[in-house]
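Not measured: the values here are computed from a predicted model.
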Amino acid sequence: MENKKPVKNGWLYTTIFTLLSVLYVMPIVVVLINSFKRKTYINREPFSLPNEKTFEGLKNYISGIEKIDFFAAFENSLFITIFSVAVIILCTSMCAWYISRVKNKVSSGMYYLCAFSMIVPFQMVMFTLSKISDMLKLGNPVGIIIVYLGFGAGLAVFMFCGFVKAIPLEIEEAAMMDGCTPIQTYFKVVLPILKPTCISVAILQAMWIWNDYLLPSLVLDTKRWKTIPIAVQYLKGGYGAVDMGAMMAMLVLAIIPIIIFYIACQKYIVDGVVAGAVKG
């Protein structure tokens, strides 16, 4: 058995990536620390730990929840994120299966359109999107799911196509010979095999949709439905005044669900991304 050679300058890489990790985590730590401080001390001592003079306890959390009706915004964000991700995975995986198995000009055109959609800047279509969504009455939590499907389809189809090409066609042919219809073959054979990529797509899309501010602010009727990023903006008062303590507390509450989801699914993301982008 071959002995693996140690990586040259391994300690240097470890040090560099450890420092980078600390830099990425620091903003979250700063937000968490300041969520327990009195708002007058957040700007004065943003990096210091709370002490007897600056500690505010849970007052910032209680105040923020009451001011922006946090739980209503949480329900809207949760509904939009869960159903948008589910619709994106179902529709784009079916589309990718069709594109990969049916070889004609239509399927090729669909693939290139999906790939092209990834490089079109959002700013180019935002005003047209806002107008059309208003005309089609999509300014509600159900309607915005269709909008997210359109914007999330490009990356998802690209990843699913790469993975579907790696699935042996004989497996699907065997299912057909056993009497499965194309729909049964997809749900009983193809979709279970696509699980790693489904989870990867779910993580990427959920992180984007949960934290998205611009698209809901353009599409949703914000007087009736607010997502968490939109609701947090209502902590700004007149003349630019901001209740920093309550805002930090609400940001912590907004971050926790997506971090839990990511940690629970992170082991699948590398395998799914690599499989979807490289295979085939």
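For the residue pair Asn51 / Thr54, a side-chain donor-acceptor distance below 3.5 Å is found, with atom types taken as modelled.
Between Lys37 and Glu45 there is no salt bridge, since no side-chain nitrogen of the basic residue lies less than 4.0 Å from a carboxylate oxygen of the acidic one.
Interatomic distance, Thr92 OG1 to Phe158 CZ, rounded to the nearest 0.5 Å: 13.5 Å. In this structure, SG in Cys198 is found 11.5 Å from CD1 in Ile203, a value given to the nearest 0.5 Å. Atom CE of Met94 is separated from atom CG of Leu194 by 11.0 Å, given to the nearest 0.5 angstrom. Note that the CE atom of Met110 and the SG atom of Cys161 stand 9.0 Å from one another [nearest 0.5 Å]. Note that CD1 of Ile258 is 7.0 Å distant from CH2 of Trp210, once rounded to the nearest 0.5 Å. Atom CZ of Phe160 sits about 12.0 Å away from atom CD1 of Ile99, to the nearest 0.5 Å.
Ser108 contributes no side-chain N or O that, together with a main-chain N or O of Lys105, makes up a donor-acceptor pair within less than 3.5 Å. The closest donor-acceptor contact from the side chain of Ser130 to the backbone of Met126 lies at 3.5 Å or more, if one exists at all. Judged purely by atom type and a 3.5 angstrom limit, Gln205 has no side-chain atom pairing as donor or acceptor with the backbone of Ala202. The backbone N or O of Val30 sits less than 3.5 Å from a side-chain atom of Asn34, completing a donor-acceptor pair. Judged by distance alone, with hydrogens and angles left aside, the side-chain atoms of Ser21 form a donor-acceptor pair with the main-chain N or O of Phe17 at under 3.5 Å.
Counting non-hydrogen atoms of other residues, nucleotides and ligands closer than 6.0 Å to CZ of Phe261 gives a total above 12.
The side-chain heavy atoms of Trp225 and Ile230, taken from C-beta on, include no pair separated by under 4.5 Å.
Taking both residues in full, the closest heavy atoms of Ile193 and Phe163 are given as O-CE2, 3.2 Å, listed atom of the first, atom of the second, then distance. Shown here for Leu191 and Ser93, the closest heavy-atom pair between the two residues is CD1-OG, 4.3 Å.
Each ring-ring contact (aromatic ring centres under 6.0 Å, His included) pair with one or both residues in residues 91-112, not counting sequence neighbours, appears once here: Trp97-Tyr186.
A cation-pi arrangement is absent between Arg38 and Tyr41, since the terminal nitrogen or guanidinium carbon is not both under 6.0 Å from the aromatic centre and inside a 45° cone about the axis.
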Would you be so kind as to tabulate the donor-acceptor pairs closer than 3.5 Å made by side chains of residues 72-79, with sequence neighbours excluded?
unit_1: Asn76; atom_1: ND2; unit_2: Ala72; atom_2: O; d: 3.3
unit_1: Asn76; atom_1: ND2; unit_2: Lys226; atom_2: O; d: 3.1
unit_1: Ser77; atom_1: OG; unit_2: Ala73; atom_2: O; d: 3.3
unit_1: Ser77; atom_1: OG; unit_2: Ile228; atom_2: N; d: 2.9

Which donor-acceptor pairs under 3.5 Å do the side chains of residues 139-154 make with protein atoms, sequence neighbours left out?
unit_1: Asn140; atom_1: OD1; unit_2: Val142; atom_2: N; d: 3.1
unit_1: Asn140; atom_1: OD1; unit_2: Gly143; atom_2: N; d: 2.7
unit_1: Asn140; atom_1: ND2; unit_2: Lys137; atom_2: O; d: 3.1
unit_1: Tyr148; atom_1: OH; unit_2: Asp212; atom_2: OD2; d: 2.8

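Met250 pairs in a side-chain contact (heavy atoms from CB on, under 4.5 Å) with only one of the listed residues (Val31, Asn60, Ile65, Asp243), which is Ile65.
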